[in-house]
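Computation of the quantities below employed the complete heavy-atom set of this structure, encompassing side-chain atoms and omitting hydrogens, waters and symmetry-equivalent molecules. Every chain is numbered from 1 and lettered A, B, ... according to where its sequence line falls, protein lines coming before strand lines.
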Amino acid sequence: MASPCKHLRKHKPDLVKVYKSLCERLVYPATFSDLSHKASFWCCLVCKSKDNPLLCCCLECIYFACLDNQHLKQHFDEKGHKFALSLETGHIYCSECNDFIYDRDCEYARRDAENAHRKLMGFSLNYTWNPGKQEVDQIKQARKRVIRMSSKTTYGLRGLVNLGNTCFMSCILQALTHTPLLRDYFMTDQHRCIPKGVDQCLMCEMAHLFQEFYSGKNTPHIPFKMLHLVWTHARHLAGYEQQDAHEFFIAALDVLHRHSRSSAMARNPQECQCIIDRIFTGKLQSDVTCMSCGGVSTTLDPYWDISLDLGTQTAATGFSDALLCPVDQAVAPASLADCLERFTRPENLGSSAKIKCGRCDTYEESTKQLTLRMLPIVACFHLKRFEHSSKLHKKINDFISFPQYLDMTPYTAIYRDHSAAPEAHQAALLSSRQSLDRIKNKYALFAVVNHHGTIEGGHYTCYIRQHVDDWYKCDDHIISRASLDDVLASQGYLLFYHKQFLDYD
Amino acid sequence: MGTKDELEHSFIESGEKARLKELLSQRLKESGWLTEVQSKCRAIIKEKGIENVTSEDLIAEVTPHARKAVPESVKRELLQHIRSFLQQQTGLSDL
């Protein structure tokens, strides 16, 4: 049924009030005592069934009945009542329309009640965009200029001309322009620049780059201005030499972060709210445990990326404790999971690196463990393929497998704390609460930067994801289609993962 | 603690029902079930004309197919959670 319900209007002022309180207390209880009430009322008064998803509550008196067999209709016929609401969803049923109906005021009340309930339960909040009158008018006015994109559109794809060994920059720009949340930020024109002198802002240049990518042109873009700005703001990258893509990535984030201050006033420098920090910053927890007294000293550090060691670990620290030096420490990691497992494993700092323990007040041997305290929205992993030691410089060409979807739970501080508790070892099964938390830690791959060649010289290319699951290979000015298998079979230098489900708060 | 009524009551009261509902809807989203059922509903509405379909008709028509389309792994996971809830509530371990 499509036309709006004519019957609700007459009774609306009274019914909306009743509806609101029923929604807030019975459908979406916002307190645990209301949740308990819900449990008591949850029963069809005709058939006593408690598991009917179409259980409804009369809006005009206290009565509960199933909708899909005649129980609710019997009640409507007997009493002449017309409206009910679904206890599962909060939607309003009108017996004259013989269907669920939509009323804007009720729907807003329903959404608010639902989010209050979700807050109580610790779920992420639902958010729906409702265009206001002004926005609707704007969309209508611009209708002629609206471009409908097919799923195979090339909008958003653009090659970048190599300006002389600038492939390290091209591949990072490709990864950044295909970061979903960053794209949303720039395409909705959210960057507000406080003039820093003419054409000095890298954020403005990023905004311009997004416009170029989505302009519909299919000639390669020449990022000379971007390069100029990078040279001006990150002097160590200036010149036509080959540079490291990872180093460029970090330098670019740093400059972007500095230049976005203008639009996101940082209330507290530790907790910057600029778009770069909101997307890329996570927190790393480092626990140093004194081996003499067991005291733990914890520090938190922000991170933009996680650098992971490859190859066999050189036992420079001299492992003395057999427990902390498992045999497989000598085995090179073969997957991203191996690398992360190694990254978050407790490490004995050895007898040569004694640390002053706050409790013992003496220098003691200690162990150090890194875990992820806060996960960023975009997780960037840097596989340390370039080994620089006093003796040699070489590139590690080992294949490291990485998944399309990654569950970050095992590397979080919370998980480590839980699995350290003895009872957790017995219960291998996850509780519903844990299963829900794990969903929040799920990440999907969206860009991979690859290096071809040796440590002395080579070339960078990258794979990027477009429209959920289409993959493209970007090799400077050439963009070609790729398959997920191509991506997962590539060597991998920088891996970019995006959080799959975003939380609104 | 043991009768069906009491168990159903505490299933809601403890919030376990809301949690499993949330877990289920997330899993159905992840597995593509939601998109599939949505497009099925759209097709039915398009075919019959929006004025001639009620939610009840839609539910009746789409339910058999939608039930079958729920991935086995999702069913197993939910069943496992319900089982462990019951074990925890009743103290019986051989359910």
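- Comment: B/Glu56 engages A/Lys73 in a salt bridge, judged by a side-chain N to carboxylate O separation of less than 4.0 angstrom.
- Most heavy-atom pairs under 4.5 Å with chain A, from the set B/Gln26, B/Arg19, B/Glu8, B/Glu13: that is B/Arg19.
- Heavy atoms of A/Lys48 lying under 4.5 Å from chain B are absent altogether.
- Proximity to chain A (any heavy atom under 4.5 Å) is restricted, for B/Ile59, to the side chain, taken from C-beta onward.
- When heavy atoms are compared at a cutoff of 4.5 Å, A/Leu120 does not approach chain B at all.
- For chain A, the nearby parts of B/His9 are the backbone and the side chain; heavy atoms of each come within less than 4.5 Å.
- A donor-acceptor pair shorter than 3.5 Å cannot be found between the side chains of A/Tyr443 and A/Asp407.
- With A/Tyr415 contributing its side chain and A/Met408 its backbone, the two residues share no donor-acceptor pair below 3.5 Å.
- By the 30° and 60° cut-offs, the orientation of the rings of A/Tyr63 relative to A/His75 is parallel.
- Contact annotation for A/His117: only side-chain heavy atoms (C-beta onward) come within less than 4.5 Å of a heavy atom of chain B.
- In this structure a side-chain-to-backbone donor-acceptor pair under 3.5 Å is present from A/Trp42 to A/Lys50.
- Remark: the backbone N or O of A/Lys82 is paired with a side-chain donor or acceptor of A/Glu60 at under 3.5 angstrom.
- Heavy atoms closer than 4.5 Å to chain B are found in the side chain of A/Tyr93, but not in its backbone.
- Using modelled atom types, no side-chain atom of A/Trp471 and backbone atom of A/Asp485 make a donor-acceptor pair closer than 3.5 Å.
- Neither the backbone nor the side chain of B/Gln88 has a heavy atom closer than 4.5 Å to any heavy atom of chain A.
- Heavy-atom distances place the side chain of A/Arg118, and not its backbone, under 4.5 Å from chain B.
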